[in-house]
Amino acid sequence: MSGKRYLVTGASRGIGAAVVDALARRGDRVMAFGRDEAALRAVAQPHRKKVWVAVGDLRHARARDRLVGKAVDALGGLDGLVQCAGVVRYEGVGGIGEDALREQLDVNLVGPLMLAQSAVEPLSESRGAIVNVTSTLAARPAPGTAAYAATKAAMVAWTKTFAAELAPRVRVNAVAPGVVDTQMIRQVRLAPGEAMPEDPVTRIADQLEALRGLHPLGRLGDPRDVAEAVLYLLDAQWVTGSVLTVDGGLTAC
Ligand SMILES: NC(=O)c1ccc[n+]([C@@H]2O[C@H](COP(=O)([O-])OP(=O)(O)OC[C@H]3O[C@@H](n4cnc5c(N)ncnc54)[C@H](OP(=O)(O)O)[C@@H]3O)[C@@H](O)[C@H]2O)c1
């Protein structure tokens, strides 16, 4: 039993939901944040009196400003912040839209950095930790992901700067997953100018198969693979400013 107190963003599904589940199972208390209240309640439901729900949009300063206080009040303090909220818009060069670029900047960069800053005070009191979920795409390019990759590379940069500035009070690390089988990757990736295929289900299945083939360990990631790495970084007392790659060998080749 760990018995610690965590705020997890992007908790309504995918990697964030797996992190909430793993923390609650080992006896921690968690504030789960996202926009989809019904999905958050479904994540919390198996963990009565362990998981609280906070609904809001990470792009909105007022929602972010209230969130840390809400978590501290509900949990009685804060030992860690895990930032899983994220969005990707697959757009190739020539088709990158400014609205999509700004949305990815807001959700993947501005929101997490500002939220981390709000959490410094309670985390300093507890000698706590921040874990940010970035991506192997921050360092290894893939077509159609220039804007997303830029936001995740920026996240790696501020993770290391926060780590240097906040040591020894707060540890700050990141996890860089390869391709993980969540809703995020189950969208059609169109080439610039390409029309939506008549059979998007088959197209997505083909995409997943091609992505699977990039991973030497022979499968896509499971959200629990990433949750395991997040829990390690929350606990690892002599690790800060690190990016832990969890990618089935993707970046080894
Ligand atoms: N799946 C992959 O292959 C992969 C690989 C590398 C890195 N990652 C990163 O891992 C993290 C989790 O991704 P995932 O695969 O679990 O994706 P996902 O299933 O699409 O989940 C994304 C989460 O982000 C939340 N979110 C999105 N926009 C938000 C906003 N404006 N305000 C608040 N919450 C918002 C969503 O919640 P609501 O819809 O309820 O708001 C959802 O809980 C992301 O940062 C992603 O970039 C994923």
Side-chain angles (χ1 to χ4, degrees), residues 1-58 60-86 111-133 158-159 162-163 165-175 223-224 226-240:
M1 296 280 279
S2 158
K4 293 204 167 176
R5 304 151 300 182
Y6 294 106
L7 170 58
V8 179
T9 74
S12 58
R13 58 177 188 265
I15 293 169
V19 171
V20 172
D21 188 62
L23 290 170
R25 278 176 189 276
R26 73 175 194 179
D28 294 323
R29 283 174 292 148
V30 186
M31 176 67 82
F33 176 74
R35 291 168 304 175
D36 183 339
E37 183 170 1
L40 288 167
R41 296 214 174 280
V43 171
Q45 194 274 330
H47 305 293
R48 285 188 61 241
K49 298 189 177 165
K50 293 263 181 59
V51 180
W52 284 254
V53 163
V55 181
D57 191 320
L58 196 57
H60 300 155
R62 282 185 60 191
R64 289 195 306 265
D65 291 347
R66 289 201 206 107
L67 182 56
V68 170
K70 210 170 171 178
V72 168
D73 289 348
L75 306 173
L78 198 64
D79 296 294
L81 167 65
V82 182
Q83 306 219 72
C84 305
L113 189 155
M114 296 307 287
L115 188 62
Q117 188 168 252
S118 311
V120 167
E121 195 179 311
L123 291 176
S124 296
E125 280 172 25
S126 63
R127 293 250 159 180
I130 296 170
V131 178
N132 296 320
V133 181
W158 74 256
T159 294
F162 269 48
E165 263 188 68
L166 297 177
R169 293 174 291 142
V170 182
R171 292 178 300 102
V172 189
N173 293 291
V175 175
R224 289 169 296 188
V226 184
E228 195 175 27
V230 168
L231 267 58
Y232 164 74
L233 288 172
L234 287 173
D235 294 343
Q237 295 299 314
W238 206 52
V239 181
T240 197

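Computed over heavy atoms, backbone and side chain alike; hydrogens, waters and symmetry mates excluded. Along the sequence shown, the residues carry numbers beginning at 1.
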Side-chain (N132) to main-chain (A174) donor-acceptor, under 3.5 angstrom: no
By ring pair (Phe, Tyr, Trp, His ring centres under 6.0 Å) - contacts of W52 (at least two apart): none
Partners passing side-chain contact (heavy atoms from CB on, under 4.5 Å) against A63 (at least two apart in sequence or in another chain): H60
Pairwise distance CG(N173) to OG1(T240) - rounded to 0.5 angstrom: 5.0 Å
Residues forming a salt bridge (Lys or Arg N to Asp or Glu O under 4.0 Å) with R169, sequence neighbours excluded: none
Donor-acceptor under 3.5 Å (Q237 side chain, D235 main chain): yes
Non-neighbouring partners of R64 that pass salt bridge (Lys or Arg N to Asp or Glu O under 4.0 Å), sequence neighbours left out: none
Interatomic spacing from CG in L7 to CG in L115 - rounded to 0.5 Å: 6.0 Å
Euclidean distance, L23 CG relative to L234 CG, rounded to 0.5 Å: 6.5 Å
Step-by-step side chain to side chain contact (heavy atoms under 4.5 Å, CB included) determination, Y232 to V175: CA-CA 10 Å; Y232 164 74; V175 175; over 6 Å; no
Counterpart residues, side-chain contact (heavy atoms from CB on, under 4.5 Å), relative to A116 (two or more places apart): L81, Q83, I130, W158, F162
Listed partners of V133 passing side-chain contact (heavy atoms from CB on, under 4.5 Å), at least two apart: C84, P177
Donor-acceptor contact below 3.5 Å, side chain S118 vs main chain D65: no
Salt bridge (charged side-chain N to carboxylate O under 4.0 Å, His left out): pairs with one or both residues in residues 114-123, sequence neighbours excluded: none
Residues forming a side-chain hydrogen bond (donor to acceptor under 3.5 Å, both in side chains) with S12, sequence neighbours excluded: none
Closest contact, heavy atoms only, P122 versus V68: CG-CG1, 3.8 Å
By side-chain hydrogen bond (donor to acceptor under 3.5 Å, both in side chains) - contacts of D79 (at least two apart): R5
side-chain contact (heavy atoms from CB on, under 4.5 Å) against A85, all qualifying residues, sequence neighbours excluded: T9, L58
Verdict with supporting geometry, H47 and D21, side chain to side chain contact (heavy atoms under 4.5 Å, CB included): CA-CA 8 Å; H47 305 293; D21 188 62; 2.7 Å; yes
Pairwise side-chain contact, R13 with P223, heavy-atom cut-off 4.5 Å (strictly under): no
Solution key, residues 32-42 side-chain donor-acceptor pairs under 3.5 Å, sequence neighbours excluded:
from: D36; atom 1: OD1; to: A38; atom 2: N; distance (Å): 3.3
from: D36; atom 1: OD1; to: A39; atom 2: N; distance (Å): 3.1
from: E37; atom 1: OE2; to: R41; atom 2: NE; distance (Å): 3.2
from: E37; atom 1: OE2; to: R41; atom 2: NH2; distance (Å): 3.0

Test salt bridge (Lys or Arg N to Asp or Glu O under 4.0 Å) applied to D73 - qualifying residues, sequence neighbours left out: none
R26 side, atom CZ; K4 side, atom NZ - distance, nearest 0.5 Å: 8.0 Å
Contact summary for A44 and V51, nearest pair of heavy atoms: CB-CG1, 3.6 Å
Atom pair CE (M31) and CG (L78), whose distance is rounded to the nearest 0.5 Å: 9.5 Å
